Amino acid sequence: MFTRDAFVGWLQEKKLMGARCGKCGQVYLPPRPYCPSCRSSEMEWHELSGRGEVAAFTAVHVAPTFMEKQGFGRGKPYATAVVRLQEGPGISARLVGVDAARPEEIKVGTQVEVDFLEVEAEGGKQVDLAFRPAT
Amino acid sequence: MFTRDAFVGWLQEKKLMGARCGKCGQVYLPPRPYCPSCRSSEMEWHELSGRGEVAAFTAVHVAPTFMEKQGFGRGKPYATAVVRLQEGPGISARLVGVDAARPEEIKVGTQVEVDFLEVEAEGGKQVDLAFRPAT
Amino acid sequence: MGKLARGVAVVGAGVSRFGAFKEKTSRDLFVESFQDMVNSVDKGFDPGEIEALYLGNFSSDLFEGQGHTAPIMAEWAGIIPAAATRLEDACASGGVALRQGILAVASGAYDLVLVGGVEKMNNLPTEKVTDTLAAASDTLYEASAGFTFPGLYAAIATAYMARYGITPEYFMRVGIKNHNNGKLNPKAQFQTTIRDLLEGRKAKLAAQGKPVPDWQDELDFLRDDSANPVVAWPMRLFDCSPITDGAACLLLVSEEMATRFTDRPVYIIGSGQASDYPLHTRSDLTSLGSARLAARQAYEMAGVTPRDIKVAEVHDCFTVAEVVATEDLGFFAPGEGARAAAEGRTARSGDRPINTSGGLKAKGHPVGASGVAQAVEVFLQLRGEAGARQVPGANLGLTHNVGATGGTCTVHIYERR
Amino acid sequence: MGKLARGVAVVGAGVSRFGAFKEKTSRDLFVESFQDMVNSVDKGFDPGEIEALYLGNFSSDLFEGQGHTAPIMAEWAGIIPAAATRLEDACASGGVALRQGILAVASGAYDLVLVGGVEKMNNLPTEKVTDTLAAASDTLYEASAGFTFPGLYAAIATAYMARYGITPEYFMRVGIKNHNNGKLNPKAQFQTTIRDLLEGRKAKLAAQGKPVPDWQDELDFLRDDSANPVVAWPMRLFDCSPITDGAACLLLVSEEMATRFTDRPVYIIGSGQASDYPLHTRSDLTSLGSARLAARQAYEMAGVTPRDIKVAEVHDCFTVAEVVATEDLGFFAPGEGARAAAEGRTARSGDRPINTSGGLKAKGHPVGASGVAQAVEVFLQLRGEAGARQVPGANLGLTHNVGATGGTCTVHIYERR
Ligand SMILES: [Zn+2]
Ligand SMILES: [Zn+2]
C-alpha cells in the first residue's frame, strides 16, 4: 500500500522512498497508489538519492502547535523548504544546517542532501524528513 | 443583540426569553435578529410562559463528551425533548422529572413546564434549559 | 424549479470497499472508487478529459484535520487542473455534489464531470465521532440540549410511534431487511444477516461453555439489551448505520455524448433539493418537509409518479429514517411505511424494493460518500449489473439523500431507455 | 469550457462589517450581510422568492464546531425551504459558491439565487487559527513539514525574489497601498493607513515618555522587527491578512429578468475555475497555474483582454500573492508585478487599480466570505457606488479568488452595460 503511513514507516528506517510506476517508470514523491500518467496502479517502492536543491524556503516565527511543542516559535524560528530532487519530483521538508534566524543568508538553489531528523513527538521519538546543505 | 450569548445570559437569570418582532408580532424561540415573516429587524425580548408539551423525546445512552462529563452515558441515560410551547414556537431542551431508564413510560403530549437546571460545566456552574412534567 | 437546458447521463460508476480501514486515508479510498469507475466505462475514455470534480464530503476537517479536500482528490486521481469543488450538506453532501454536477453539465460549462464522495471516519474514537456527527445538527440549540445525532432520529421515532401507534419492532424489521440485502453486496461493510449474527453469537457462547440465550428469531435478538444495546431510545445499535470509511464516483456527461462512452447510459431525468428547519421549529415531526419538496421537484421534472419507480435507495441512517422516507417519497401513505416494511413489501422480493445495496445500515455510511454510492447502486440495478441482489426489470430508479434530520434533502430519478 | 446556456446578472450585493466580533456567530454575520443585500436591490423584491443559497464557508466545523451551515444560514435569512448548499475550497470557498450560483442559474434550474459567504474566525485563539488555516494545505505532506499557511506564501516569495532579484520592500508597498484603500472603506476591518499607524505609535511612545523610533516613512516602520515582526520570512505581520469575522451576499438572477430588480444590473460575462498541485509538485513557484488557467477561461468567455479591465479585486491573503496575481491575470509581465506595485500603478490613481476595497489585507479576510465580498466591491465600483474609493468610469471589473496556495482559483469578469 503506497500510503502516508507506509512512507512514514520508511522514514523511521531512514529511507526516502517514493513510488515508481511499474508500467511507465514515472517516479512519485510523495508516493501514491495510482499513476496519473499512464493510469496504472502497478506501483513499486523506489529509493531516492536524497540529493536535490532548494526551490523555495521560509523561516517560520509563528509556529504551528506541534512545532511549538518542539520548542520553536517567536524568538526561535525554524526553516522549512520545498526541495526539488535530482530525480525530478519535489517534496516539502525541514531545512537544517542553516541559520533560520538569518534567512537572508539562505539561498534558493542551494544544493542539499537528505537528513533524517530525530525529534520528540507526541507519540514518542520519531524520524522527520529534512534536508541540509550538501557537503 | 438577539444572539445565542444573550439567550444564554437570560437563562443564567432563569428566564426563558424569545424575540418578538416589533412590526408583525411573531414570537421566535430561539431568538433571532431578523424576522423572516415581515423582513423586519425590530426585535424585542419577550419572556415565554415556559408551559408547553412534549412533541418528541429520547433517552440518550451513548452521550456526547460534554454530557459524559456530567456523569451520563451507558448505564445512566438522560432524557431530552423537543417541546412545543403554548405560544407556538418550539425548542430543544433537557427533560427532567422523568425516568430516562424507563422511556416507555414517557409520553409524547405530556404537559411540561420550564425548569432551569444548575449544572457543573467546563467554565464552572451554569444554568441549562430544561422542562419537567407540569404540576 | 425550471427546466434544465440540456440532459445529463451517467456513463460510469464506482465504489470503494466500505468498512473500517486503519491505514487508508481519504485519498486512498477515493482513488479506489475512481479506478472502479474508470473500469466501468464500457467503451473506455481518457480520465484526463474530465473537466471538473464535484466532491461530497461532510467533514474531512474534523475527521482528518484536512480541509480543501477537493483538489487533493483531483490530484490523487490525476485530473489536475480540472476545477475541483467540495460540497457539504452533512450526510447529504454526496447528493448535493451529484446535483451540482448535473447543473454544471446542464449549464453548458462542462461536458464531462466527475462526481465523487468520500469520508474517512475511523480515525477518531467513537466518542469523537458522536461529537462530530452532532456538528451536523444545530450545535447552538440542538446539540447543546444533549441531542446526539441518533437522539434526533430517536425523537422522530417517538413522534411517529405516538402518532401511528406502532412499536420499535417495526423499525427493527428495516434493519433485518437491509442486512439481508447487504449480505449480497461484495462492497458492503456488513455482509451478514442478523440471523447470521444471532447464530454466530449463539455458537460462540456455546463454545465458551456460557449460557446460550433463547433467541427464537431476529426480533428476540434485537430486543435483547445485551445483544442490541440502546443508543438513544427507541434507536438501538442495529437501528443505526455504522461508522464507515468509503468513497464513490460517478461519471456524468451531457446527454448527446453519452453513447460515446457506453451503449447503456443511465439518464438522470429528475433532480430536486430543499432545506428545512431544525426539528424544534417544525410543525410535523413524522415527515421531512425537505424530502417531500425535493421529491415533488424530481417527480415533476421526470414526469413520473412514485408508482413508476422500480428500485430506490433511500437514506436509512437510522431505521426510522427509511420508514419516513418511503412515505415522504409517496411510496406509502403516512403511517403505512412501518407496516409496509413489516409486511416485506420493501424487501428485494416485495412490490417496492428499497435499499437493495444494504442501505446505509448494512452497506455502511461514509457520510459524504453515501449520496453518491446510492446512485452507484441504482446505476448497477438499471443496467442489470447488481448480481445476486438484482431486481428484475428495473428500468426506473430513485435516490433519496438526507442531510442531518432533513436540514437538506436531495432526490434524483434515473432511467434506462 | 463550453458556452453558458443563458446569461446571469448581479442585482443586489451586501456585506457585513468586517472585524473581530466576540458576540456574533456566523448566523448573525450572515443576516447582517443579507439585509445589506436586500436593501441594495433598487426596485425591491420578496426574499421569499429566492430558490437556492450557495454558501461559501471554509470551516465552520473547525472554527465554531458547526457543520451543515448552509441550511442554518437559510433559516436565519428566512428563505427555507430554498435549496441550501455549502461550498468549500479553502479561501476560494466564496469564489466557487459564486461560480456554482452562476452555473445553477445558467442551467435553467433556478432564476433567483442567493450567493453567500461567511466565516467566523475569532472564536479561536491565534495559535489554533494558525493550525486551522494549515488544514487548507496538504496536511500529510506540507503542514507536516512545518509549513504554516503564511510559510507557504513566504516560500513563494523567496522563489519570486530569487528569480526576479527583488527585496521584501516591494511586497511591503502592496500592504501600504491596500491600507490606503481600506481607510476609505466603511466596512473594512482596518480603516487606517500604515502612515496613521506609524504616527499613532510615535505619539503613544512620546506620551509615555519612551524613546521614539526614527521612522522616516512607512518602509522604515515596516522594516522594524518590533513594529512589524516576522511571521514567516520574508512575510511580516503587515504582509499578512488579518483574522476576520464577516459575511457577504450577492443576488443573482437570469439575465432576462434582471431589469425587474434594477435598471443598473451588473452582468457576469466571464467565469473560470481550475485546480493545481501542492507547491512541491509544481515546476514554477512564481506563478499559480490555476490562476492562469481560470483567467484564460474567464477572458475567453467574456471576450475581453486584461487591458480592458478597469478595476480588479485580487486575492492578497499575503502581499506576495497580490504581486503574483497581477502577473497571472495578465496585467503585468512575469517579474513586473512587484515593480508595478512599487511604482504606484496599482493604486487607486494608477493605470491599473487593484483592491480598491482595501483587499484582504485591510478590508479583512473572513476566508469563506472573501470571494463573495470581492464581487460586492466590483458591484459597487461598476455602479459608481464606491464612495471615496470610486474609480471613475469603471465599467469592466474582475475578481480573483485563491484557495490555499492555488490548489483552487476562480476568476470572474463583470460588466456594466
Ligand atoms: Zn505510469
Ligand atoms: Zn415580523
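So that the names make sense, note that chain A is the first sequence line, chain B the second, and so on, each numbered from 1. Being a predicted model, the structure only gives us computed values, none of them experimental.
- You'll find the side chain of D:Asp89 reaches within 4.5 Å of the side chain of C:Pro71, heavy atoms only.
- Across D:Ala106 and C:Ala5, no two heavy atoms sit closer than the pair O-CB, 4.4 Å.
- Considering all non-hydrogen atoms of both residues, C:Phe58 and D:Asp61 come closest at O-OD2, 3.7 Å.
- Put simply, the side chain of D:Glu88 does not reach to within 4.5 Å of the side chain of C:Glu88, judged on heavy atoms.
- Chain D forms the most heavy-atom pairs under 4.5 Å with one residue out of C:Ser93, C:Gly65, C:Ala52, C:Pro81, and that residue is C:Pro81.
- Heavy atoms of C:Ile72 lying under 4.5 Å from chain D belong exclusively to its side chain.
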Audit row: D:His68, C:Thr408, side chain to side chain contact (heavy atoms under 4.5 Å, CB included) steps and yes/no: CA-CA 9 Å; D:His68 207 189; C:Thr408 303; 2.8 Å; yes
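- Using a 4.5 Å cut-off between heavy atoms, D:Thr25 touches chain C through its side chain atoms alone.
- Heavy atoms closer than 4.5 Å to chain C are found nowhere in D:Ser60, neither backbone nor side chain.
- Chosen from C:Leu55, C:Leu87, C:Ile79, the residue pairing most often with chain D at heavy-atom distances under 4.5 Å is C:Leu87.
- Among C:Ala294, C:Ala97, C:Ala404, C:Ala74, the residue with the largest count of heavy-atom pairs under 4.5 Å with chain D is C:Ala404.
- Only the backbone of C:Ala82 comes within contact range of chain D, judged by heavy atoms closer than 4.5 Å.
- Looking at every heavy atom in both residues, C:Ala109 comes nearest to D:Arg99 through CB-NH2, 4.3 Å.
- Of all the listed residues (D:Leu103, D:Thr69, D:Ile80), the one sharing the greatest number of non-hydrogen pairs under 4.5 Å with chain C is D:Ile80.
- Remark: D:Arg296 CZ is loosely packed, at most 12 non-hydrogen atoms of other residues, nucleotides or ligands lying under 6.0 Å away.
- In plain terms, the two heavy atoms of C:Gln66 and D:Leu140 that are nearest each other are OE1-N, 4.2 Å.
- The candidate from C:Pro278, C:Ala135, C:Ser275 with the greatest count of non-hydrogen atom pairs under 4.5 Å with chain D is C:Ser275.
- Comparing C:Ala104, C:Gly403, C:Ala70 by heavy-atom pairs within less than 4.5 Å of chain D, the highest count is held by C:Gly403.
- Residue D:Leu133 does not touch chain C at all, counting heavy-atom pairs closer than 4.5 Å.
- Looking only at side-chain heavy atoms (C-beta outward), D:Arg27 and C:Asp138 come within less than 4.5 Å of each other.
- Contacts between D:Tyr141 and chain C at a heavy-atom distance below 4.5 Å involve the side chain alone, from C-beta outward.
- Atom OG1 in D:Thr85 sits 5.5 Å away from atom CD in C:Gln100 (nearest 0.5 Å).
- Between D:Thr281 and C:Glu75 the shortest side-chain heavy-atom distance falls below 4.5 Å.
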